[in-house]
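Heavy-atom basis, side chains included; hydrogens, waters and symmetry copies ignored. Throughout, a chain's letter reflects where its sequence line sits, starting with A, and its residues are numbered from 1.
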Amino acid sequence: MPELPEVETVRRMLAERVVGSVIRSAALSGLPLREPIARTLPARLRGRRIEAARRIGKYLLIDLDRDLTLVSHLGMSGRWRYEAAAPPPERHVHARLALAGGGELWFEDPRRFGLLRLVRRGALARDPALRALGPDPILEPQGGESLREIARGTRVAVKNFLLDQHRIAGLGNIYASEILHRARLDPRLAAGRLTAREWSAVARSIPAVLEEAIRRSGTTFSTYRTVSGQPGRYGERLRVYERAGEPCRRCGATIRRIVQGQRATYFCPRCQRRNGRGRDSY
DNA sequence: ATCCTATCCTGTAGGC
DNA sequence: TGCCTACAGGATAGGA
């Protein structure tokens with residue numbers, strides 16, 4: 001599941017391999033993703049030069065000349081893939097960009113929850129996908145006080161708070177659980193009721209987990225791959241995610257799996273405590 | 001306003 | 001072995 005570290009890994013590789021290239025031609029599968037890909041996309045991409053690869057939250061932005069930006073989101077199973085030589089056709093390739101000088105850039109997405117949309121750069125900040133995003137925790141790190149302010153008044157569980165892209169942009173199901181384990185916080189606590197000290201622990205844990213995951217090229221469960229097809233290596237570092245029934249690496253207690261908002265949450269019932277809080281605190 | 005649920009999709013894992 | 005079903009989750013529309 002591509003979250004901030006996976007998207008950042010893809011961004012870095014695109015920056016290295018395709019920035020500076022010119023798109024010679026483009027072709028679409030014709031199948032809709034989260035929304036249909038505009039049929040005019042190939043014509044608008046032809047001849048454009050790739051100027052930069054950026055990331056905001058889980059969105060990957062490919063800046064082109066003539067003030068255009070290709071906005072992409074990998075959804076659940078999306079992948080940008082670079083092939084140096086003309087590769088054989090494969091399933092689930094929804095956009096193929098042939099680069100001048102050889103090489104192809106593919107947007108693959110079996111589950112089609114992804115997004116591909118061409119936007120004028122001047123209109124980016126107003127684009128519905130990006131407009132309402134909260135701060136990106138790597139580009140705009142938030143301290144504990146700031147997080148506490150963002151959470152003021154909300155009763156949602158802190159795990160769900162971390163998943164809300166409108167509050168903080170980039171965390172998904174894997175890293176939300178990992179961050180709360182590092183911060184030693186029960187994922188069921190009401191976000192609006194955490195203490196300053198608890199928010200401070202969350203604020204420190206977010207970049208610690210994300211930066212280590214970026215160093216290891218992200219986490220691969222099933223489909224995620226880097227641009228060149230390598231799996232991420234953070235999986236072996238996971239402390240709780242997908243480890244239900246296994247011992248906590250910190251205290252040895254058995255990791256639990258619960259469901260919050262129809263999503264799995266993993267946590268250690270011993271070292272992620274409620275700190276003697278009352279029943280109404282979550 | 002705030003919060004929660006159902007929905008989209010397909011590869012994979014588990015049961016029998 | 002093969003068929004069937006349940007499950008995984010990011011974002012969002014719509015309902016409570």
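For C/dA11, the OP1/OP2 oxygens have a side-chain nitrogen or oxygen of A/H73 closer than 4.0 Å. Taking 4.0 angstrom as the limit, A/R34 places none of its side-chain polar atoms (N or O) nearer than this to OP1 or OP2 of B/dT7. Not one side-chain nitrogen or oxygen of A/S77 sits closer than 4.0 Å to the OP1 or OP2 atom of B/dT10. Taking 4.0 angstrom as the limit, A/H92 places a side-chain polar atom (N or O) nearer than this to OP1 or OP2 of B/dG11.
Hydrophobic cluster membership for A/L130: A/I56, A/Y59, A/L61, A/V71, A/L115, A/V119, A/L124, A/L133 (Ile, Leu, Val, Met, Phe, Trp, Tyr linked by side-chain heavy atoms under 4.5 Å, directly or transitively).
Closest contact between the side chain of A/R155 and the listed nucleotides C/dT12, B/dC3, C/dC7 involves B/dC3. Comparing C/dG9, B/dG11, C/dA11 by their closest approach to the side chain of A/Y241 singles out C/dG9. Among C/dA11, B/dC3, C/dG9, the nucleotide with an atom closest to any side-chain atom of A/R167 is B/dC3. Residue A/R111 has its side chain nearest to B/dT10 when only B/dC3, B/dG11, B/dT10 are considered. For A/Y59, whose side chain is taken as the heavy atoms from C-beta onward, the closest listed nucleotide among C/dT12, C/dG10, B/dC3 is C/dT12.
Residue A/Q262 contributes atom CD, which lies 16 Å from atom P of B/dC3 at whole-angstrom precision. Per the geometry, CG belonging to A/N160 stands 13 Å off C1' belonging to C/dG9, to the nearest Å. Computed from coordinates, the A/L162 CG to C/dG10 P distance equals 13 Å when rounded to whole Å. Rounded to a whole Å, the CE atom of A/M76 is 15 Å from the P atom of C/dT12. Across the protein-nucleic acid pair, A/R112 atom CZ and B/dG11 atom C1' stand 13 Å apart, rounded to whole Å. One can place CG of A/D109 at 11 Å from C1' of C/dG10, the figure rounded to the nearest angstrom. At whole-Å resolution of the value, CG in A/L33 and P in C/dA11 are 14 Å apart. One atom, CG of A/L74, and another, C1' of C/dG9, lie 14 Å apart when rounded to the nearest Å.
The end-to-end axis angle of the helix from B/dT2-C/dA16 to B/dC16-C/dG2, rounded to 10 degrees and based on five pairs per end, is 50°.
For the pair A/F113 and C/dA11, the ring geometry does not qualify as stacking, because the centroid separation below 5.5 Å and plane angle under 30° are not jointly satisfied.
A side-chain N or O of A/R121 and one of A/T69 form a donor-acceptor pair less than 3.5 Å apart.
Ion pairing between A/E83 and A/R81 holds under the 4.0 Å rule for side-chain N and carboxylate O. For A/D63 and A/R54, the salt-bridge test passes: some basic side-chain N is under 4.0 Å from an acidic carboxylate O.
Here A/Q165 lies in heavy-atom contact (under 4.0 Å) with sugar-phosphate atoms only.
You'll find the side chain of A/L64 reaches within 4.5 Å of the side chain of A/L118, heavy atoms only. Using a 4.5 Å heavy-atom threshold, the side chains of A/V93 and A/F107 count as separate. Put simply, the side chain of A/R44 reaches to within 4.5 Å of the side chain of A/L68, judged on heavy atoms.
Closest-nucleotide positions on DNA chain C for A/A129 and A/N173 were compared, and the one nearer the 5' end corresponds to A/N173. Nearest-nucleotide positions on DNA chain B for A/A157 and A/L31 put A/A157 closer to the 5' end.
The salt bridge (Lys or Arg N to Asp or Glu O under 4.0 Å) test applied to A/R204 returns no partner, not counting sequence neighbours.
The base of C/dA8 lies outside donor-acceptor range of the side chain of A/R263, with no N or O pair under 3.5 Å.
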